[in-house]
Amino acid sequence: MSTDSSGFRAAVRRRPRLHGLTWLIWRQNRTAFWIGLTAALAVAVYAVVQHQHITAAVTAQHLDACQGHEASMPCLGRLNAFGQHYQFPMRRPLQAMLLLPFLFGIFLGGPQLAQELESGTYRMVVTQSVPRMRWFAAKLCVPLAMTVLISGVFAAAMTWWWHPAAQAMGPLFAWHSWYPFYGIGPVVVGLSVLFLVLGTTLGILLRRTVLAMGATLVTGAVLFALLERARPHLWPVHTMNAQHTVDPPAPADAWLLADGPLSPDGRRVPEAWDCYASHDIKQCLTSHGVTGRWAEYHPASDLWTLQWTVTGLCLALAAVLVVLSAWWVRGGSGIRRRTAPAEKR
């Protein structure tokens, strides 16, 4: 009996537990972690329930038969009714997902080091035989692990909720719009990591908590605007030419980036805008030397390629910011180890 008890106690002691500096950083951030994880799990449960409802509705209303025929009147009526009940309710959550990276950056990344540098409490750590780089690594890695876990749960839940509705709606629920694009998939994690590291870096540079939080909001908004502008060009586009048509020769569910008129020999020519107001558009266009259209687009199959490309770009920028922050901390950044005063003789 005593042998079994001692073995049990030894097993408990051998269980991996946080200790030292990692335990301290966890203690400082555990409230934010539990709040974020609880919210993520709540969204996940709700997304699973909604996924089941949407899947059942698609089967009951035979919406699978409408794929590729969304423009027909019977299908259009059924899809509009389906969208009212299932697509519209998920729009606000998908839009709200864009706030998630900002929350990580402003409330977790911004104060992470700025608060200690501003108040001077970091001195207690660096005088306890803790190197500056180890302190920096712990202050960054613990929130980073929390961010990846929480944002990953959010991303998986929203993707699971969105997928059956997007599959049923087709072009009526554009995959390339800023939502749902930034509310699903790995890009949610990539943006959250980038904004967390951005907030941490600004906290080191500015050394003021409120200032770092405000700067994270502004800089994050600028970064997002630049990323959204660059997104169409992060992967090669498809080009298609077609004669004897006045419509862009791109699939209905494609992300159309640009289109224009073609001459009979396949050259791109200027638009004949006056013809679109005439009674016989095709005859007018032909008289102006326009017989076809060209289009540049991303097909729907590029969704996940673009998702992973944007995620990789976010992680690369985050890595650059980590290197910059590490160089700043290693070089000092006002972080100096206090030496004990010499004894008076």
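For reference, positions follow the sequence shown, starting with 1.
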### Task
Apply the test side chain to side chain contact (heavy atoms under 4.5 Å, CB included) to residues Leu191 and Phe104: give CA-CA distance (whole Å), side-chain angles for both, the deciding distance (0.1 Å), then the verdict.
CA-CA 10 Å; Leu191 273 175; Phe104 283 115; over 6 Å; no
### Message
For the CZ atom on Arg268, are there more than 12 heavy atoms of other groups (residues, nucleotides or ligands in this structure) within a distance under 6.0 Å?
### Response
yes
#### Entry: Heavy-atom check, side chain of Thr311 versus side chain of Val189, under 4.5 Å
no
### Message
Quick one, Phe82 and Met169 - any side-chain contact, counting heavy atoms below 4.5 Å?
### Response
yes
### Query
Within a strict 4.5 Å, meaning less than it, do heavy atoms of the Val210 and Arg208 side chains meet?
no
### Task
Classify the ring geometry between Trp160 and His51 as parallel (under 30°), tilted (30 to 60°) or perpendicular (over 60°).
parallel
### Task
Check whether Leu117 and Met133 end up in the same hydrophobic cluster, where Ile, Leu, Val, Met, Phe, Trp and Tyr are linked by side-chain heavy atoms less than 4.5 Å apart.
yes
### Message
Quiz question: by atom type and distance under 3.5 Å, do the side chains of Gln115 and Thr209 form a donor-acceptor pair?
### Response
no
### Nearest heavy-atom neighbours spanning His288 and Cys275
ND1-SG, 3.4 Å
### Query
Stepwise, does the ring pair (Phe, Tyr, Trp, His ring centres under 6.0 Å) test hold for Tyr182 with Phe224?
CA-CA 10 Å; Tyr182 292 104; Phe224 177 76; 4.8 Å; yes
### Query
More than 12 foreign heavy atoms under 6.0 Å from CH2 of Trp178: is that the case here?
yes
### Query
Taking all atoms of both residues into account, what is the closest heavy-atom pair of Ile150 and Gly36, and its distance?
CG2-O, 3.6 Å
### Message
Are there over 12 heavy-atom neighbours, none belonging to Gln283, within less than 6.0 Å of that residue's CD?
### Response
no
### Pairwise side-chain contact, Tyr276 with Cys284, heavy-atom cut-off 4.5 Å (strictly under)
no
### Task
Please step through side chain to side chain contact (heavy atoms under 4.5 Å, CB included) for the pair Phe136 and Arg132, ending with a clear verdict.
CA-CA 6 Å; Phe136 166 73; Arg132 284 176 301 186; over 6 Å; no
### Query
Which residue, Val329, Leu24, Leu21, Ile25, forms the side chain to side chain contact (heavy atoms under 4.5 Å, CB included) with Lys139?
Ile25
### Message
Would you call the rings of Trp255 and His176 parallel, tilted or perpendicular, taking 30° and 60° as the class edges?
### Response
parallel
### Shortest non-hydrogen contact between Leu217 and Phe102, atoms and distance
O-CE2, 3.7 Å
### Task
Return yes if a side-chain donor-acceptor contact under 3.5 Å exists between Ser263 and Asp265, otherwise no.
yes
### Message
Quick one about Gln112 and Thr200 (side-chain donor to acceptor, distance below 3.5 Å, no hydrogens or angles considered), yes or no?
### Response
no
## Note on the structure
On a heavy-atom basis, the closest approach of Val188 and Ser192 is O-OG, 2.8 Å
### Query
Ala318 and Leu194: which non-hydrogen atoms are nearest, and at how many Å?
N-CD1, 3.7 Å
### Query
Okay, side chain of Arg78, backbone of Gln61: is any donor-acceptor separation there less than 3.5 Å?
yes
### Query
Do Tyr179 and Leu98 touch side chain to side chain, with heavy atoms closer than 4.5 Å?
no
### Message
Is it the case that over 12 heavy atoms from other parts of the model lie below 6.0 angstrom from the CH2 atom of Trp304?
### Response
yes
### Query
Do the non-hydrogen side-chain atoms of Leu113 and Leu140 ever get within less than 4.5 Å of each other?
no
### Task
Specify the closest pair of heavy atoms between Val153 and Ala44, including all atoms of both residues, with the distance to one decimal.
CG1-CB, 4.3 Å
### Asp253 vs Tyr297 side-chain heavy atoms within contact, under 4.5 Å
no
### Query
Tell me, do Thr22 and Cys141 make a side-chain contact under 4.5 Å, heavy atoms counted?
no
